[in-house]
Amino acid sequence: MVLERDFYLLPAQAVARGLLGKKLIRQINNQTICGYILETEAYDGERDEACHARNGKTERNKVMYGPGGYAYIYFTYGMHWMLNCVAGESGYPAAVLIRSIKPVMGLDYIRERRHPIPQEHWTNGPAKLTKALDITGELNGVDLCSKSGGLFIEEGVTITDGQVHTTARIGIQYAPEPWKSKKWRFVTEIMSGVEG
DNA sequence: TCTTCGATTGTCT
DNA sequence: GACAATCGAAGAA
């Protein structure tokens, strides 16, 4: 079942927690690639000094200002694409960065794109998973609640609170406190025991 | 195993 | 003109 819009209209932290264990699905060229979401980060509003919306609305971040459930995909470090899903109501800029997934379908497709890198390193980073699933700026703004965009999220496995670990966000050393230390990174350790 | 550092370009000041 | 929500190779230990 594809996750419905309501799921994404909650605050970014709730969406980030809720996405753990859900299935990220990419359909391209009649192939389906999918994996369980293992790691996310919440970016919450213009007041969050680590959020791209901290300086207001721009051409780059405008998708974040729309309603939740759409893909916000941006380019950084001159070579990497990042996948986020927009959270919250329309008008409030918030998003959840997908940092890591466990691939369970379309392994041949990923292997082709990521060789000779070992399997455990295929999708364990935000730029790695976009490369593995062929996610680029062309998908910026697609509706994650619709299968027609080629990128969407479905119900997956249940993750209990005991399986969730929270830490400070990664790669935002430029941000001042308290934002730098907010524990808005959500990680789960279900690498084994999950079958597609 | 750990740390350092180069790659490479869109976006904003 | 500065720098970024990163990766992975190379070198040190």
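Residue numbering restarts at 1 for every chain, and letters A, B, ... go by the order of the sequence lines.
Nucleotide B:dT8 has no partner under the Watson-Crick or G-U criteria, as no pair reaches both atom distances under 3.5 Å.
Nucleotides B:dT13 and C:dA5 place their P atoms 13 Å apart, quoted to the nearest Å. Taking atom P on both C:dA13 and B:dC5, the two are 13 Å apart, rounded to the nearest angstrom.
Looking only at distances, a side-chain donor or acceptor of A:Tyr174 sits under 3.5 Å from a matching main-chain atom of A:Ala50. Judged by distance alone, with hydrogens and angles left aside, the side-chain atoms of A:Arg54 form a donor-acceptor pair with the main-chain N or O of A:Cys51 at under 3.5 Å.
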Report all interatomic pairs (protein N or O, nucleotide N or O of nucleotides 5-9 of chain C) with separations under 3.5 Å.
unit_1: C:dA5; atom_1: OP1; unit_2: A:His52; atom_2: NE2; d: 2.3
unit_1: C:dA5; atom_1: OP2; unit_2: A:Tyr174; atom_2: OH; d: 2.6
unit_1: C:dA5; atom_1: N9; unit_2: A:Tyr74; atom_2: OH; d: 3.2
unit_1: C:dA5; atom_1: N7; unit_2: A:His52; atom_2: NE2; d: 2.9
unit_1: C:dA5; atom_1: N1; unit_2: A:Asn84; atom_2: OD1; d: 2.3
unit_1: C:dA5; atom_1: N3; unit_2: A:Tyr74; atom_2: OH; d: 3.1
unit_1: C:dT6; atom_1: OP1; unit_2: A:Arg99; atom_2: NH1; d: 3.3
unit_1: C:dT6; atom_1: O2; unit_2: A:His80; atom_2: NE2; d: 2.7
unit_1: C:dC7; atom_1: OP1; unit_2: A:Pro126; atom_2: N; d: 3.2
unit_1: C:dC7; atom_1: OP1; unit_2: A:Ala127; atom_2: N; d: 3.4
unit_1: C:dC7; atom_1: O4'; unit_2: A:His80; atom_2: NE2; d: 3.3
unit_1: C:dG8; atom_1: OP1; unit_2: A:Arg114; atom_2: NH1; d: 3.3
unit_1: C:dG8; atom_1: OP1; unit_2: A:Arg114; atom_2: NH2; d: 3.2
unit_1: C:dG8; atom_1: OP2; unit_2: A:Lys128; atom_2: NZ; d: 3.1

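Other residues, nucleotides and ligands place more than 12 heavy atoms under 6.0 Å from the CD atom of A:Glu177. For A:Glu154, the CD atom is densely surrounded, since the number of other residues' heavy atoms within 6.0 Å is greater than 12. Around atom NZ of A:Lys131, no more than 12 heavy atoms belonging to other residues, nucleotides or ligands sit under 6.0 Å away.
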message = Evaluate A:Tyr70 against A:Asn140 for side-chain hydrogen bond (donor to acceptor under 3.5 Å, both in side chains), listing each step before the verdict.
response = CA-CA 8 Å; A:Tyr70 290 84; A:Asn140 189 36; over 6 Å; no
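With respect to A:Arg17, the side chain to side chain donor-acceptor pair (under 3.5 Å) criterion is satisfied by exactly one of A:Thr188, A:Asp161, A:Thr40: A:Asp161.
If you walk DNA chain B from 5' to 3' and mark each nucleotide with an atom closer than 4.0 Å to a heavy atom of chain A, the marks span B:dA7 to B:dT13.
In this structure, NZ in A:Lys23 is found 12.5 Å from CD1 in A:Ile153, a value given to the nearest 0.5 Å.
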